[in-house]
Visitor: 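I'd like to ask you about the structure that follows.
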2 protein chains.
Amino acid sequence: MSSTEFTKRLLTYRLSLLHLQEIGLNDVYSHLIAGETGFSAALIRKDFSRINVKGKRRGGYEIDVILQAINNYFGDDKVSKVILVGMGNIGSAIARYKDFQNQKLRIVAAFDIDPAKQRKKFSIPVYSMGKCQEIIYCYEIEAGIIAVPAFSAQTVCDRLVYCGIKGILNFAPVNLKVPEEVYVSNVSLSNELRHVIYHAKQNK
Amino acid sequence: MSSTEFTKRLLTYRLSLLHLQEIGLNDVYSHLIAGETGFSAALIRKDFSRINVKGKRRGGYEIDVILQAINNYFGDDKVSKVILVGMGNIGSAIARYKDFQNQKLRIVAAFDIDPAKQRKKFSIPVYSMGKCQEIIYCYEIEAGIIAVPAFSAQTVCDRLVYCGIKGILNFAPVNLKVPEEVYVSNVSLSNELRHVIYHAKQNK
DNA sequence: TTTATATTGTGAATATTGTCACAATAAATT
DNA sequence: AATTTATTGTGACAATATTCACAATATAAA
């Protein structure tokens with residue numbers, strides 16, 4: 001199993017490389033990416049080597065080649081389809097999030113227990129949880145986003161797992177419990193913020 | 001400098017412990033927390049030892065004591081004050097986010113270039129960026145949240161840093177560049193989701 | 001009271017991750 | 001063409017993080 005840090009670094013590189021490409025660059029040196037991302041140049045070269053990206057000695061790397069290899073590592077140029085559960089405060093913001101479209105990430109359906117939410121016009125259809133299994137099967141969904149209140153998050157999670165979901169991005173402030181074969185990423189906004197505040201205090 | 005993983009684990013423990021406390025427990029064993037969080041029992045004990053939490057041999061740990069020590073590590077029972085820049089899609093969801101209040105995290109002011117946003121009624125005041133320095137000084141703010149579009153994120157960031165902010169939680173899909181003494185946590189929703197999808201595919 | 005059992009706390013062993021240093025080499029310069 | 005220079009690619013090394021194993025010890029049971 002490849003380390004989570006490595007995978008995250010690849011996504012960080014990608015973000016920087018897309019930016020550099022946008023401002024007109026075609027090639028980069030490991031030191032430049034180091035400056036952009038904060039990782040060391042040697043580590044970056046090792047990472048590139050790991051995904052079989054070859055540079056030219058003294059010539060640097062072609063941005064296109066790296067981006068291609070990173071996309072390849074993540075297994076797709078295809079659009080990835082996910083579902084979203086919970087169209088409250090956070091959920092509806094995620095539903096409207098623009099960057100997903102650029103990134104070939106598509107939320108194909110959302111779910112909410114509130115019938116009013118189901119009638120309301122969002123850019124994606126909102127169903128009751130009853131439809132969840134059907135949709136997951138039809139669209140062959142592998143990953144879901146949970147944005148429901150803390151008290152119902154585990155129940156929703158269990159249901160998604162039962163329907164065959166293998167990856168969950170969880171915004172509820174709860175540590176979800178799942179079987180081993182399911183991957184959960186808990187994004188606790190409070191924890192992230194606490195973490196930042198902690199470091200801010202250290203650096204004063 | 002203490003590792004970021006260690007700090008994150010502490011916050012994960014806290015989330016689980018609060019939950020366990022809510023369902024009526026007073027004491028816990030390291031193995032129980034292991035089951036809740038997915039970290040190994042030995043690691044948990046080492047972590048507790050590191051923040052000077054003592055258990056009773058064969059008796060487990062008192063939840064209260066652990067929580068107190070974790071709060072203490074993060075340096076506060078006081079309310080932590082932060083600012084928020086950008087009241088668009090993501091920004092306004094963050095402004096409304098309930099969990100911050102429970103967690104003694106308070107967004108004291110928000111900023112947006114759009115005058116319409118400034119007039120609109122949110123539960124927190126929304127100012128133009130012009131007010132930013134003044135507010136940061138008055139409230140002695142150390143950390144800020146950036147939720148502006150990618151193209152303006154670095155500019156906003158530079159301004160916050162200039163005003164003395166030492167910690168930034170960034171939701172814009174950009175790797176922000178900051179001086180060494182400033183801590184940035186980049187939360188890219190797209191990257192988080194990609195990461196989950198990647199693991200979901202692995203686990204199929 | 002004695003024995004069995006479960007749990008903490010931690011030093012030692014192991015595994016993982018990242019850095020360093022430099023040979024290989026391509027490009028640029030003289 | 002020869003020399004200098006800048007960069008990659010990677011093996012050896014260092015640092016860090018995690019697990020293992022078990023002594024210490026408190027509780028429960030017999």
Side-chain angles (χ1 to χ4, degrees), chain A residues 1-13 16-17 20 25-70 73 175 180 183 195 198-199 202, chain B residues 1-13 16-17 20 25-70 73 175 180 183 195 198-199 202:
Chain A
M1 173 82 146
S2 60
S3 104
T4 229
E5 291 305 314
F6 166 67
T7 307
K8 277 194 206 164
R9 281 200 301 274
L10 291 185
L11 291 169
T12 305
Y13 299 150
S16 278
L17 290 169
L20 293 172
L25 293 186
N26 295 314
D27 304 280
V28 284
Y29 305 127
S30 57
H31 284 93
L32 176 56
I33 306 178
E36 291 290 312
T37 62
F39 303 118
S40 81
L43 179 56
I44 291 167
R45 293 198 298 273
K46 275 239 164 112
D47 284 345
F48 286 177
S49 159
R50 213 163 142 181
I51 54 172
N52 290 314
V53 166
K54 313 278 180 203
K56 281 176 290 188
R57 302 213 181 221
R58 195 170 169 154
Y61 301 88
E62 284 180 54
I63 292 181
D64 273 341
V65 171
I66 309 171
L67 286 175
Q68 186 56 51
I70 293 176
Y73 177 86
N175 298 142
E180 246 200 288
Y183 180 85
H195 198 233
Y198 173 74
H199 280 94
Q202 302 296 98
Chain B
M1 171 81 147
S2 59
S3 102
T4 231
E5 292 305 315
F6 167 68
T7 306
K8 277 193 206 165
R9 280 199 302 274
L10 291 185
L11 291 168
T12 304
Y13 300 150
S16 278
L17 291 169
L20 293 172
L25 294 186
N26 294 315
D27 303 281
V28 285
Y29 305 128
S30 58
H31 284 93
L32 175 57
I33 306 179
E36 291 291 311
T37 62
F39 302 117
S40 82
L43 180 56
I44 291 167
R45 292 198 298 275
K46 275 247 163 103
D47 283 346
F48 286 177
S49 159
R50 213 161 141 183
I51 55 172
N52 290 313
V53 166
K54 311 281 181 200
K56 281 176 290 187
R57 299 207 185 225
R58 198 176 163 151
Y61 301 88
E62 284 180 54
I63 293 182
D64 272 342
V65 172
I66 309 170
L67 287 175
Q68 186 55 52
I70 294 176
Y73 178 85
N175 299 140
E180 245 199 288
Y183 179 84
H195 199 234
Y198 172 75
H199 280 95
Q202 302 296 100

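Residue numbers start from 1 in every chain, and the chains themselves are labelled A, B, ... in the order their sequence lines are given, proteins ahead of strands.
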Visitor: Distances for protein N/O vs nucleotides 27-29 of chain C N/O pairs under 3.5 angstrom?
Guide:
| from | atom 1 | to | atom 2 | distance (Å) |
| --- | --- | --- | --- | --- |
| C:dA27 | N3 | A:Arg58 | NH1 | 3.3 |

Visitor: For C:dT10, does OP1 or OP2 lie under 4.0 Å from any side-chain N or O of B:Arg50?
Guide: no
Visitor: What is the separation between atom CG on A:Asn52 and atom P on D:dT10, rounded to the nearest whole Å?
Guide: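 That distance rounds to 10 Å.
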Visitor: Working to the nearest 0.5 Å, report the span between OG of B:Ser49 and NZ of B:Lys54.
Guide: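 Nearest 0.5 Å value for the OG-NZ distance: 6.0 Å.
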Visitor: Starting from P on C:dG18, measure out to NZ on A:Lys8 and report it in whole angstrom.
Guide: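 Answer to the nearest Å: 12 Å.
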Visitor: Students often get this wrong, so: under 4.0 angstrom with heavy atoms, is B:Tyr61 touching a base, only sugar-phosphate, or nothing?
Guide: sugar-phosphate
Visitor: Take the protein atom CD of B:Glu62 and the nucleotide atom C1' of C:dT8, then report the distance between them rounded to whole Å.
Guide: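 Whole-Å distance recorded here is 14 Å.
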Visitor: Atom NZ in A:Lys46, atom CD1 in A:Ile51: separation rounded to 0.5 Å?
Guide: 15.0 Å
Visitor: Apply side-chain contact (heavy atoms from CB on, under 4.5 Å) to residues B:Leu43 and B:Arg9 and explain how you reach the verdict.
Guide: CA-CA 10 Å; B:Leu43 180 56; B:Arg9 280 199 302 274; 3.7 Å; yes
Visitor: Using the rule ring pair (Phe, Tyr, Trp, His ring centres under 6.0 Å), only one of B:Phe6, B:Tyr73, B:Phe48 pairs with B:Tyr13; which is it?
Guide: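 The passing option is B:Phe48.
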Visitor: Let's test your reading of the model: under 3.5 Å, does the base of D:dT10 pair with the side chain of A:Lys46 as donor and acceptor?
Guide: no
Visitor: Show every donor-acceptor pair shorter than 3.5 Å between a side-chain atom in residues 59-66 of chain A and any protein atom, with sequence neighbours excluded, or say none if there are none.
Guide:
| from | atom 1 | to | atom 2 | distance (Å) |
| --- | --- | --- | --- | --- |
| A:Asp64 | OD1 | A:Gln21 | NE2 | 2.9 |

Visitor: Is the shortest heavy-atom distance from the side chain of B:Leu32 to the side chain of B:Leu25 under 4.5 Å?
Guide: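 Answer yes - side chains close enough.
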Visitor: Round to the nearest Å and state the distance from A:Leu43 atom CG to C:dT17 atom P.
Guide: 11 Å
Visitor: Show the distances under 3.5 angstrom between N or O atoms of the protein and N or O atoms of nucleotides 13-15 of chain C.
Guide:
none

Visitor: Which residue pairs satisfy the side-chain hydrogen bond (donor to acceptor under 3.5 Å, both in side chains) criterion with at least one member in residues 28-38 of chain B, sequence neighbours excluded?
Guide: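 Listed once each, the pairs are A:Lys177-B:Glu36, B:Ser30-B:Arg45.
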Visitor: At a heavy-atom distance below 4.0 Å, what parts of residues 25-37 of chain B sit against DNA chain C?
Guide: B:Tyr29, B:Ser30
Visitor: Rounded to whole angstrom units, what separation is found between the CZ atom of A:Phe39 and the P atom of C:dT17?
Guide: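 It is 14 Å, rounded to the nearest whole Å.
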Visitor: Using heavy atoms to find the nearest nucleotide of DNA chain C for A:Ala42 and A:Thr4 separately, return the residue whose nucleotide is more 5′.
Guide: A:Thr4
Visitor: Could you check how far CD of A:Glu5 sits from P of C:dT17, rounded to whole Å?
Guide: 9 Å
Visitor: B:Lys54 has an atom NZ; how far is it from atom C1' of D:dA26, in whole Å?
Guide: 16 Å
Visitor: Give a yes/no on whether any side-chain N or O of B:Ser49 is located under 4.0 angstrom from OP1 or OP2 of C:dT8.
Guide: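 Answer is no, no contact under 4.0 Å.
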Visitor: Taking only residues two or more places apart in sequence or in another chain, which ones pass side-chain hydrogen bond (donor to acceptor under 3.5 Å, both in side chains) with B:Asn175?
Guide: A:Ser16
Visitor: One pair to check against side-chain contact (heavy atoms from CB on, under 4.5 Å): A:Phe39 and A:Asp47. What are the steps and the verdict?
Guide: CA-CA 11 Å; A:Phe39 303 118; A:Asp47 284 345; over 6 Å; no
Visitor: Using atom CZ of A:Arg45 as one end and atom C1' of C:dT19 as the other, report the distance to the nearest whole Å.
Guide: 11 Å
Visitor: When the ring centroid of B:Tyr198 is compared with that of A:Tyr183, is the distance short of 6.0 Å?
Guide: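 Aromatic pair excluded; centres sit 6.0 Å or further apart.
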Visitor: Look up atom CG in B:Leu67 and atom CG in B:Leu20, then write down how far apart they are to the nearest 0.5 Å.
Guide: 9.5 Å
Visitor: Please find the pair of heavy atoms, one from B:Thr4 and one from A:His195, that lie closest to each other, and give the distance.
Guide: OG1-CE1, 3.2 Å
